[in-house]
Asker: 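Dumping the structure here so I can ask a few things about it.
Each residue takes its place number in the sequence, starting with 1. Heavy-atom basis, side chains included; hydrogens, waters and symmetry copies ignored.
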Amino acid sequence: MMTLSCLGLAGVWMGVSNQAGPRFFRGFLAELGRAVLPPANRPTPELWNTNTISASWLGHSTVLVNFYGLTILTDPVLFRRIGANLKIGTVGPKRMIDAALTPEELPDIDIILLSHAHMDHLDLPSLHCFSRATRVVTAHNTADLLAPTQLRAHCTELKWGEKAKIITRRGDAIVQAFEVNHWGARWRHDSYRGYNGYVIEREGRKIIFGGDTAWTSTFRPLRGRGGYELAIMPIGSYKPWIWCHCNPEQAVSMANDSGAKYILPVHFQTFALGREPRHEPMERLRKCIEPERIALSEIGETFVCN
């Protein structure tokens, strides 16, 4: 009788508690039967002009960039779930919209940029899809997480303010890490891990990958380092997590601080990580920036820098 009573109390706790564990479990059960929608658009990188900068949003914080013939991928998350990798598969949030390209449809990737160790940004099942030829730039004290993958062969860790010349078979790029307002622990005990935004430079032109960040003034010093064609900026998961995820107005403010011409919004529409309505981030973004500066708004769309 006592056992049944304890089980009943545990069930009630799992059903109503707002702690992370019960919320995760309830979300997992609720998503089991939900369909994942196909993306409305699919990029065709094989047709992109290698004499310019093209960028396509594949979902969440994953952006495929052709930077004057050099292929770059940010925070690759390509499968239907993110989270802990167990023997039964990945246990965690389920996508609302499929990735715009599967791993098999991607072109050869020259450089992967990893902003930090959170499971929705450093996704090991996705990273297993890439070969030793791919170079990786990642945050301080995160390279050890790549040990099970082939990417461990060519991995560069950067602290804030550090830069590196990344040499690939199709050319080189300068990557510099800068400070953002987030945190890097993958689990509770590894708070020593870093977290970065990046400036990428090639052929005299620059773009920004803002990673994952709450509002911060650290984009302001970037302005003095030259013009930026594009800033890839997160705009979702701010309710109630505004202390670690910026809202659209703050994303625009930071992009403006850097002097970026265009903003490519990410970190929304893909996973239900925040409590804001799915379409709210883009609706708010359109109200606070000139429409011609928004690079794209839907998963799978492609933007070409003029």
Asker: Give a yes or no on whether the backbone of Phe67 and the side-chain of Arg202 come within a donor-acceptor separation of less than 3.5 Å.
Answerer: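 Indeed, once roles are kept as given, a pair shorter than 3.5 Å links the two residues.
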Asker: Quick one: do Val304 and Tyr228 end up in the same hydrophobic cluster if we chain Ile, Leu, Val, Met, Phe, Trp and Tyr together by side-chain heavy atoms under 4.5 Å apart?
Answerer: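 No.
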Asker: Do the charged groups of Glu201 and Arg205 touch, with an N to O distance under 4.0 Å?
Answerer: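 Here Glu201 does not pair with Arg205 in a salt bridge, since their nearest N and O are not under 4.0 Å apart.
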Asker: With heavy-atom distances below 4.5 Å as the criterion, would you say the side chains of Thr71 and Val65 are in contact?
Answerer: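 The answer is no, as the side chains (C-beta and beyond) never meet within the 4.5 Å cut-off.
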Asker: Can you list the steps and then say if Leu264 with Val63 is a side chain to side chain contact (heavy atoms under 4.5 Å, CB included)?
Answerer: CA-CA 9 Å; Leu264 192 160; Val63 179; 4.1 Å; yes
Asker: With side chain to side chain contact (heavy atoms under 4.5 Å, CB included) as the test, would you mind laying out the steps for Leu73 and Leu113 before giving the verdict?
Answerer: CA-CA 6 Å; Leu73 194 63; Leu113 299 178; over 6 Å; no
Asker: Is the number of heavy atoms from other residues, nucleotides or ligands within 6.0 Å of NZ (Lys159) greater than 12?
Answerer: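 No, not enclosed.
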Asker: With no hydrogens and no angle check, just 3.5 Å: does a side-chain donor-acceptor pair link Asn196 and His116?
Answerer: no
Asker: Verify, without hydrogens or angle tests, whether Glu229 (side chain) and Ala260 (backbone) share a donor-acceptor contact under 3.5 angstrom.
Answerer: no
Asker: Do Arg225 side-chain atoms and Leu222 backbone N/O form a donor-acceptor pair below 3.5 Å?
Answerer: no
Asker: Identify the heavy atoms of Gly184 and Ala117 that sit nearest to each other, and give their distance.
Answerer: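 In terms of heavy atoms, the two residues are closest at O-CB, 3.3 Å.
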Asker: With ILVMFWY side chains joined below 4.5 Å, transitively, what does Met119's cluster contain besides itself?
Answerer: Trp187
Asker: With distance as the sole test, does Asp110 use its side chain to make a donor-acceptor pair with the main-chain N or O of Thr134 at under 3.5 Å?
Answerer: no
Asker: Does some side-chain heavy atom of Tyr195 sit less than 4.5 Å from a side-chain heavy atom of Asp212?
Answerer: no
Asker: Would you give the length of the straight line joining atom CG of Leu124 to atom OG1 of Thr90, rounded to the nearest 0.5 angstrom?
Answerer: 9.0 Å
Asker: For the pair Thr52 (side chain) and Asn49 (backbone), establish whether a donor and an acceptor sit closer than 3.5 Å, ignoring hydrogens and angles.
Answerer: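 Checked: no pair found.
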Asker: Short question: side chain of Trp241, backbone of Leu273 - any donor-acceptor pair under 3.5 Å?
Answerer: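 Here the side-chain-to-backbone pair exists.
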Asker: Is the distance between the ring centroids of Trp243 and Trp183 less than 6.0 Å?
Answerer: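 For Trp243 and Trp183, the ring centres are under 6.0 Å apart.
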Asker: With side chains defined as the heavy atoms from C-beta onward, is the minimum distance between Phe130 and Pro76 less than 4.5 Å?
Answerer: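 Contact flag for Phe130/Pro76 side chains = yes.
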Asker: Transitively linked via ILVMFWY side-chain contacts under 4.5 Å: Ile97 with Trp57?
Answerer: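 Yes; Trp57 is reachable from Ile97 via cluster members.
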Asker: Is there a path of hydrophobic side-chain contacts, each under 4.5 Å between heavy atoms of I, L, V, M, F, W or Y residues, that connects Leu127 with Ile166?
Answerer: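 As far as the 4.5 Å side-chain criterion goes, Ile166 and Leu127 are not connected within one cluster.
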Asker: Can a donor-acceptor pair be found between the side chains of Glu104 and Thr102 at a distance below 3.5 Å?
Answerer: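 Yes, side-chain donor-acceptor contact under 3.5 Å.
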Asker: Go through it in stages, so that I can follow the logic: the residues are Ile112 and Leu151, the test is side chain to side chain contact (heavy atoms under 4.5 Å, CB included), and I'd like the CA-CA distance, side-chain angles, deciding distance and then a yes or no.
Answerer: CA-CA 9 Å; Ile112 289 175; Leu151 298 175; 4.0 Å; yes
Asker: Please determine whether residues Val180 and Val266 belong to a single hydrophobic cluster, defined as Ile, Leu, Val, Met, Phe, Trp and Tyr linked transitively by side-chain heavy-atom distances below 4.5 Å.
Answerer: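 Yes; Val266 is reachable from Val180 via cluster members.
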Asker: Is it the case that the side chain of Arg135 and the backbone of His154 share a donor-acceptor pair, with hydrogens and angles ignored and the cut-off at 3.5 Å?
Answerer: no
Asker: With side chains defined as the heavy atoms from C-beta onward, is the minimum distance between Ser258 and Arg223 less than 4.5 Å?
Answerer: no
Asker: Between Asp123 and Asp75, does a side chain to side chain contact (heavy atoms under 4.5 Å, CB included) hold up when you go through it step by step?
Answerer: CA-CA 8 Å; Asp123 179 57; Asp75 286 352; over 6 Å; no
Asker: What pair of heavy atoms forms the shortest contact from Cys244 to His182, and how long is it?
Answerer: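 Shortest heavy-atom separation between Cys244 and His182 comes out as O-ND1, 2.9 Å.
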Asker: Show which residues join Tyr238 in its hydrophobic cluster (side-chain heavy-atom contacts under 4.5 Å, direct or indirect), or state none.
Answerer: Ile242
Asker: Between Arg284 and Glu276, does any NZ, NE, NH1 or NH2 come within less than 4.0 Å of an OD or OE carboxylate oxygen?
Answerer: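 The answer is no: the pair does not qualify as a salt bridge.
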Asker: Between Thr138 and Thr156, is any pair of side-chain heavy atoms under 4.5 Å apart?
Answerer: no
Asker: Between Phe303 and Tyr262, does the ring centre distance come in under 6.0 Å?
Answerer: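 Ring-ring flag for Phe303/Tyr262: true, centres closer than 6.0 Å.
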Asker: Taking 4.0 angstrom as the limit, do Arg81 and Asp120 come out as a salt bridge?
Answerer: no
Asker: A quick test of your reading: do over 12 heavy atoms of other residues, nucleotides or ligands sit less than 6.0 Å from CZ of Arg132?
Answerer: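 Not buried by this count: 12 neighbours or fewer within 6.0 Å.
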Asker: In the structure I gave you, are the side-chain heavy atoms of Ile53 and Ile207 within less than 4.5 Å of one another anywhere?
Answerer: yes
Asker: With a 4.5 Å heavy-atom cut-off, do Leu146 and Leu114 have their side chains touching?
Answerer: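 In short, these two side chains touch, coming nearer than 4.5 Å.
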Asker: Is there a donor-acceptor pair under 3.5 Å between the side chain of Glu301 and the backbone N or O of Leu296?
Answerer: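 Absent.
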Asker: Within the side chain of Thr168, is there an N or O that forms a donor-acceptor pair under 3.5 Å with the backbone of Arg170?
Answerer: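 Side chain of Thr168 to backbone of Arg170: a pair is present.
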Asker: Spell out, yes or no, whether Ile200 and Val137 are grouped together once hydrophobic residues are joined by side-chain heavy atoms under 4.5 Å, including indirect joins.
Answerer: yes
Asker: Just wondering, do His267 and Ser237 contact through their side chains at under 4.5 Å, heavy atoms?
Answerer: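 Yes. Closest side-chain heavy atoms under 4.5 Å.
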Asker: Once you measure the plane-to-plane angle for His121 and His60, does it fall in the parallel (<30°), tilted (30-60°) or perpendicular (>60°) bin?
Answerer: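 Tilted: the ring planes of His121 and His60 meet at 30° to 60°.
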Asker: Hey, does the side chain of Arg293 reach the backbone of Lys261 with a donor-acceptor pair shorter than 3.5 angstrom?
Answerer: yes
Asker: Going by atom types alone, do Asn181 and Thr213 pair a side-chain donor with an acceptor below 3.5 Å?
Answerer: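 Looking only at side-chain atoms, Thr213 and Asn181 do not form any donor-acceptor pair under 3.5 Å.
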